[in-house]
Amino acid sequence: MSAHQRIDVGGAAPYAIHIGPGLLADGEALAAPLRGRQALLVSDSHVAPLHADAVRGALLAARPDARIDTFVLPAGEAAKTLAGFGDAIAALAALGATRDACVYALGGGVVGDLAGFAAACWMRGIDCVQLPTSLLAMVDSSVGGKTAVDLPQGKNLVGAFHPPRAVFADTAVLHSLPDRELRAGLAEVLKYGAIADAGFLDWLSGRAGALLEREDAALAGAIARSCAHKAAIVERDPFEHGERALLNFGHTFGHAIETAQAYDGLNHGEAVAVGMVLAARLSARLGHASEADADRLQAVLERFGLPVALPGGLDPDALLAHMRLDKKAQASGLRFVLWDGIGRARVVAGVPADAVLAVLRGA
C-alpha cells in the first residue's frame, strides 16, 4: 500500500484512513481488521451491483474461513430509518454475529451511517469498517464515528458515536460516481477551507477543473487534506462537546432544507452548499464578518456547479421550526456555526430568530 496515503486518527479508539486507488480489491488490507470469522457486508441497491461481489471475493480470498453475509438497502436517504436499521439488525441476527464479528459499510453516507449504527448497537457494539464509495462519505461521514438514522422530524436524531476500526477510501470508484454526487462531495471538501483553512479554499478553487474532471492526484490531495482536518478535530473533540461542532458549518440550514423537502430535493452536499452561503450571510447580518467574504464563498461554490440559493417553495417559518429541533439547538435558543471570515468559524449561541428569518427571506 506504499502508493496510498494514510491519515491516522488518534484518541481512545485510534484507527487509520487509507486513501488511494484499488483498495477495494486489496483483500489482505480489508481483512486485517476482521478479528473473528463473521462479517456482514452492508451496501445499497446502487453500489452493491457495482462492488459488493468484488469486495466479498477479496475478503474471502484473504480469509477463506470467514462467513460473509450481504445486506442490501434501497438506495437513498429515505432508507436511513429505524425500519432499515431493524432490517440490518435482523441480518446480524441471521448471521449469528458474535462479539468479534465485523460490519463492512460499502456505500455512501446513508450506508455508512446506518451500518455503523447497527454495529454500535449489536451486542452493545461490534467492529465496523467503513468502505466509502462517494466523495462525500470519504471526506465526511466515514470519518469520526458519528452514526445515526433519520426520523420524519429530522435528520440523524437517533444514533451513537461508534468509531470505525478502519476506513478504506478507494479513489478509483469515484470515476464512476455521477457528476451530481461528485459535486455534492466537493461541497464538504470546500467546507474544510471555509471553516479552518483559507489557503485550502484557494487551492481548491484553483483546481476546480482538475477536480471536476476527476484527476487522481487532485482528488487524492483534496481527500487527504480534508481527512487530516477532520481527523485532527475529531481527535480533540470525539463527542462533539466543542470544536467538532464547527464541522457542521452550513448544516443547520442544510438539514432543515433536506427535512422540509422530505429528502427528495437537494441532496446533502447541495443542501450544505446553500447552507454555507446562508450561514455566511447570517454572519454578515450579525456583524461577525463581511458580505465580501460571503460573496467570495458563493463564487467558489458556483465555480463547482453547486447551488447557492434557497430552493423555491420552501416556507422560512417551517425551516426555522426544523432548526429548533436540530441537535445543535440548546435550551437557550438557536445555535449556529457561523464565521468571522473565511477560515475562521465558531459556534454562536442565542442567535435571534428574526435574523435567521431575514436571511431565509433574502432580506
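Computed from heavy atoms alone, side chains included, the values below leave out hydrogens, waters and symmetry copies.
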Pairs satisfying salt bridge (Lys or Arg N to Asp or Glu O under 4.0 Å), at least one member in [range], at least two apart:
{"range": "residues 115-135", "answer": "R35-D127, D127-R165"}
{"range": "residues 251-262", "answer": "K155-E258"}
{"range": "residues 82-103", "answer": "none"}
{"range": "residues 50-74", "answer": "R63-D65, R67-D69"}

Pairwise side-chain contact, [X] with [Y], heavy-atom cut-off 4.5 Å (strictly under):
{"X": "V337", "Y": "H251", "value": "no"}
{"X": "T70", "Y": "V42", "value": "no"}
{"X": "Q5", "Y": "C227", "value": "no"}

Pair listing, ring pair (Phe, Tyr, Trp, His ring centres under 6.0 Å) test, anchored in residues 137-166, at least two apart:
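Qualifying pairs, neighbours excluded: F161-F239.
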Enumerate the ring pair (Phe, Tyr, Trp, His ring centres under 6.0 Å) contacts for residues 88-108, please, sequence neighbours excluded, ordered by first and then second residue.
none
Applying the 4.5 Å side-chain criterion to the ILVMFWY set and letting contacts propagate, would V55 and I17 be lumped into a single cluster?
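V55 and I17: one cluster.
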Should we count CD of Q153 as having more than 12 external heavy atoms under 6.0 Å?
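Enclosed: over 12 neighbouring heavy atoms sit under 6.0 Å from CD of Q153.
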Taking atom CZ of R180 as the centre, does the number of heavy atoms from other residues, nucleotides or ligands within less than 6.0 Å exceed 12?
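Yes, enclosed.
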Run the salt-bridge test on E291 and R281 with the 4.0 Å N-O cut-off and return the result as yes or no.
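Yes, this pair counts.
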Of all residues at least two apart in sequence or in a different chain, which pass the ring-ring contact (aromatic ring centres under 6.0 Å, His included) check with F71?
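For F71 there are no ring-ring contact (aromatic ring centres under 6.0 Å, His included) partners, ignoring immediate neighbours.
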Those residues that, when tested against [X], pass salt bridge (charged side-chain N to carboxylate O under 4.0 Å, His left out) (two or more places apart):
{"X": "D216", "value": "none"}
{"X": "D150", "value": "K80"}
{"X": "D317", "value": "R361"}
{"X": "D179", "value": "R214"}

Which heavy atom in G250 sits nearest to a heavy atom in A279, and how many Å separate them?
N-CB, 4.4 Å
Atom pairs and distances, donor-acceptor, side-chain atoms in residues 190-200, under 3.5 Å, two or more places apart:
from : atom 1 : to   : atom 2 : distance (Å)
K191 : NZ     : E188 : OE1    : 2.9
K191 : NZ     : L247 : O      : 2.9
Y192 : OH     : V139 : O      : 2.5
D197 : OD1    : G199 : N      : 3.3
D197 : OD1    : F200 : N      : 3.0
D197 : OD2    : R225 : NH2    : 3.4
D197 : OD2    : H229 : NE2    : 3.0

For F336 together with F249, are the ring centres under 6.0 Å from each other?
no
